[in-house]
Asker: 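One structure, as structure tokens, below. Some questions next.
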Amino acid sequence: MPLQDLVTPEKPIPLFVEKCVQFIEDTGLCTEGLYRVSGNKTDQDNIQKQFDQDHNISLESMGVTVNAVAGALKAFFADLPDPLVPYSLHQELLETSKIMDKTERLHELKEIVKKFHPVNYDVFRYIITHLNRVSQQYKTNFMTADNLSICFWPTLMRPDFENREFLSTTKIHQSVIETFIQQCQFFFYNGEIVEAPNPVACQPPPSNPVQMVEPMVPLQLPPPLQPQLIQSQLPADPLGII
């Protein structure tokens, strides 16, 4: 169903989107790998099915996980007849993203997003604002704007994956969505341009750290050699000194 048929002037955000976002922000904003870790596919499909039968259904009462709800939300945008980011503006967005000067680039992108259909603009602002909130919890959920854009740009932009020329622009597509998430306040709420967080601090620790280097052990050597650290697995001294 077209996006325009799912909203009204009084309710500019589709109810299903509102329910999913509210559930995620209330129960799982800090969930590690949010939007990256897949939820149960059966639960994900059932969420949409149950909602279609009863728009008043409570997601909390369904006993589903936050990852299943996140998957259902992504599926909603993937199933729209047209992408949320209009095809007619893709090329302009990609070209603008190549501008080297950051301030100029952001101001140009801000002008382009104003060209969205009003319905698309309202929903895009809503979902980007939500993703910005998710990214603010990156120290807990490990989902930076960069990670979130990797998960979301194919859903929001839906380019032609069969076009060979497209393969050379995938990173630019991703950077468009990443920039909107990072600079959400600037684009939609007249805020200031912000600096991106340090991505190094956003990497999750390994679940089972492995010591990659053998420990160094001291060996007592006769004079005039001084004690030194050598690898424990070194072969015996071929000269027979040790």
Asker: Between Val17 and Leu73, is the side chain to side chain contact (heavy atoms under 4.5 Å, CB included) condition met? List the steps.
Answerer: CA-CA 6 Å; Val17 174; Leu73 179 60; 4.0 Å; yes
Asker: Would the His117 and Tyr121 ring centres measure less than 6.0 Å apart?
Answerer: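 Ring centres of Tyr121 and His117 not closer than 6.0 Å.
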Asker: What distance do Glu104 atom CD and Leu109 atom CG have between them, rounded to the nearest 0.5 Å?
Answerer: 10.5 Å
Asker: If I compare all heavy atoms of Pro159 with all of Pro154, which pair ends up nearest, and what's the gap?
Answerer: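 In terms of heavy atoms, the two residues are closest at CD-O, 4.2 Å.
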Asker: Just checking Gln53: does its CD atom have more than 12 heavy atoms from other residues, nucleotides or ligands closer to it than 6.0 angstrom?
Answerer: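 For Gln53, atom CD is crowded (more than 12 foreign heavy atoms under 6.0 Å).
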Asker: Report yes or no: does Gln183 contribute a side-chain atom to a donor-acceptor pair with the main-chain N or O of Val194 at less than 3.5 Å?
Answerer: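 Between the backbone of Val194 and the side chain of Gln183 there is a qualifying donor-acceptor contact (under 3.5 Å).
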Asker: Where is the tightest heavy-atom contact between Leu106 and Thr179, given as atom of each residue plus distance?
Answerer: CD2-CG2, 3.3 Å
Asker: With a cut-off of under 6.0 Å to the ring centre and 45° to the axis, is Lys74 in cation-pi contact with Tyr35?
Answerer: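 No, a cation-pi geometry is absent between Lys74 and Tyr35.
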Asker: Taking the side chain from Asn67 and the backbone from Ser38, do they hold a donor-acceptor pair closer than 3.5 Å?
Answerer: no
Asker: With the 4.5 Å side-chain cut-off for hydrophobic clustering, are Val113 and Leu84 part of the same group?
Answerer: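 Same cluster.
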Asker: Once the angle between the rings of Phe180 and Phe187 is folded into 0 to 90°, is it parallel (under 30°), tilted (30 to 60°) or perpendicular (over 60°)?
Answerer: tilted
Asker: Does this structure show an ion pair linking Asp101 with Arg105, if we count only N-O contacts that are shorter than 4.0 Å?
Answerer: no
Asker: Would Asp45 and Lys49 count as a side chain to side chain contact (heavy atoms under 4.5 Å, CB included) here? Give the steps.
Answerer: CA-CA 6 Å; Asp45 295 340; Lys49 181 180 179 181; over 6 Å; no
Asker: Between Trp153 and Thr170, does a side chain to side chain contact (heavy atoms under 4.5 Å, CB included) hold up when you go through it step by step?
Answerer: CA-CA 9 Å; Trp153 78 260; Thr170 55; 4.1 Å; yes
Asker: For Asp146 and Gln174, test the side chains for any donor-to-acceptor distance below 3.5 angstrom and give the result as yes or no.
Answerer: yes
Asker: Please report the interatomic distance NZ(Lys114) to CD1(Ile112), rounded to the nearest 0.5 Å.
Answerer: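 Here the interatomic distance stands at 11.5 Å.
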Asker: Is there a path of hydrophobic side-chain contacts, each under 4.5 Å between heavy atoms of I, L, V, M, F, W or Y residues, that connects Ile177 with Ile193?
Answerer: yes
Asker: Considering non-hydrogen atoms only, spot the tightest contact between Leu34 and Leu148 and give its length.
Answerer: O-CD2, 4.1 Å
Asker: Are the side chain of Asn141 and the backbone of Leu29 linked by a donor-acceptor contact shorter than 3.5 Å?
Answerer: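 Confirmed, Asn141 side chain pairs with Leu29 backbone.
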Asker: How long is the straight-line distance from CG of Asp82 back to CG of Leu3, given to the nearest 0.5 Å?
Answerer: 9.5 Å
Asker: Rounded at 0.5 Å granularity, tell me how far CG in Leu80 sits from CG in Leu156.
Answerer: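 Reported to 0.5 Å precision, the distance equals 10.0 Å.
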Asker: Can you say whether the rings of His90 and His173 are parallel (under 30°), tilted (30 to 60°) or perpendicular (over 60°)?
Answerer: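 His90 and His173: perpendicular rings.
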Asker: Would you say Asp43's side chain and Thr65's backbone share a donor-acceptor pair under 3.5 angstrom?
Answerer: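 No, Asp43 side chain to Thr65 backbone: no donor-acceptor pair under 3.5 Å.
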Asker: What are the two closest non-hydrogen atoms of Val37 and Glu32, and how far apart are they?
Answerer: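 Nearest heavy atoms, Val37 then Glu32: CG2-O, 4.1 Å.
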Asker: Please answer whether the main-chain N or O of Arg158 pairs with a side-chain N or O of Tyr87 as donor and acceptor at a distance below 3.5 Å.
Answerer: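 At least one qualifying donor-acceptor pair exists.
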Asker: Taking all heavy atoms of Pro14 and all of Val123, pick out the closest pair and write down the distance.
Answerer: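 Scanning both residues, the minimum pair turns out to be CD-CG2, 3.8 Å.
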Asker: Looking only at heavy atoms, what is the nearest atom pair of Val66 and Gly28, with distance?
Answerer: CG2-CA, 3.8 Å
Asker: Mind checking whether Glu95 and Lys98 have side chains closer than 4.5 Å, heavy atoms only?
Answerer: yes
Asker: Do Asn132 and Gln136 pair up side chain to side chain, a donor and an acceptor below 3.5 Å, judged on atom types alone?
Answerer: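 Checked: Asn132/Gln136 side chains pair up, N/O donor to acceptor below 3.5 Å.
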Asker: Asp52 and Gln48: side-chain hydrogen bond (donor to acceptor under 3.5 Å, both in side chains), yes or no, with the steps?
Answerer: CA-CA 6 Å; Asp52 291 341; Gln48 181 70 66; 2.9 Å; yes
Asker: Are side-chain heavy atoms of Arg36 and Asn147 found at a separation under 4.5 Å?
Answerer: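 No, their side chains stay 4.5 Å or more apart.
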Asker: Would you give the length of the straight line joining atom NZ of Lys115 to atom CD of Glu111, rounded to the nearest 0.5 angstrom?
Answerer: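 Lys115 NZ to Glu111 CD: 8.5 Å, rounded to 0.5 Å.
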Asker: Would a 4.5 Å heavy-atom cut-off, applied to side chains only, mark His130 and Val134 as touching?
Answerer: yes
Asker: Look at the side-chain heavy atoms of Ile, Leu, Val, Met, Phe, Trp and Tyr, link any pair under 4.5 Å apart, and say whether Ile127 and Ile150 land in one connected group.
Answerer: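 As far as the 4.5 Å side-chain criterion goes, Ile150 and Ile127 are not connected within one cluster.
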Asker: Specify whether His107 and Phe186 have parallel, tilted or perpendicular ring planes, treating 30° as the upper limit for parallel and 60° as the lower limit for perpendicular.
Answerer: perpendicular
Asker: Nearest 0.5 Å, please: how far is CZ in Phe77 from OG1 in Thr155?
Answerer: 9.0 Å
Asker: Leu15 and Phe76: same hydrophobic cluster, using ILVMFWY side-chain contacts below 4.5 Å?
Answerer: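 Hydrophobic grouping puts Leu15 with Phe76.
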Asker: Within a strict 4.5 Å, meaning less than it, do heavy atoms of the Phe152 and Ile181 side chains meet?
Answerer: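 No, every pair of side-chain atoms sits at 4.5 Å or beyond.
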Asker: Does Asn120 form a side chain to side chain contact (heavy atoms under 4.5 Å, CB included) with Gln4? I'd like the steps, not just the answer.
Answerer: CA-CA 8 Å; Asn120 292 57; Gln4 287 77 5; 3.6 Å; yes
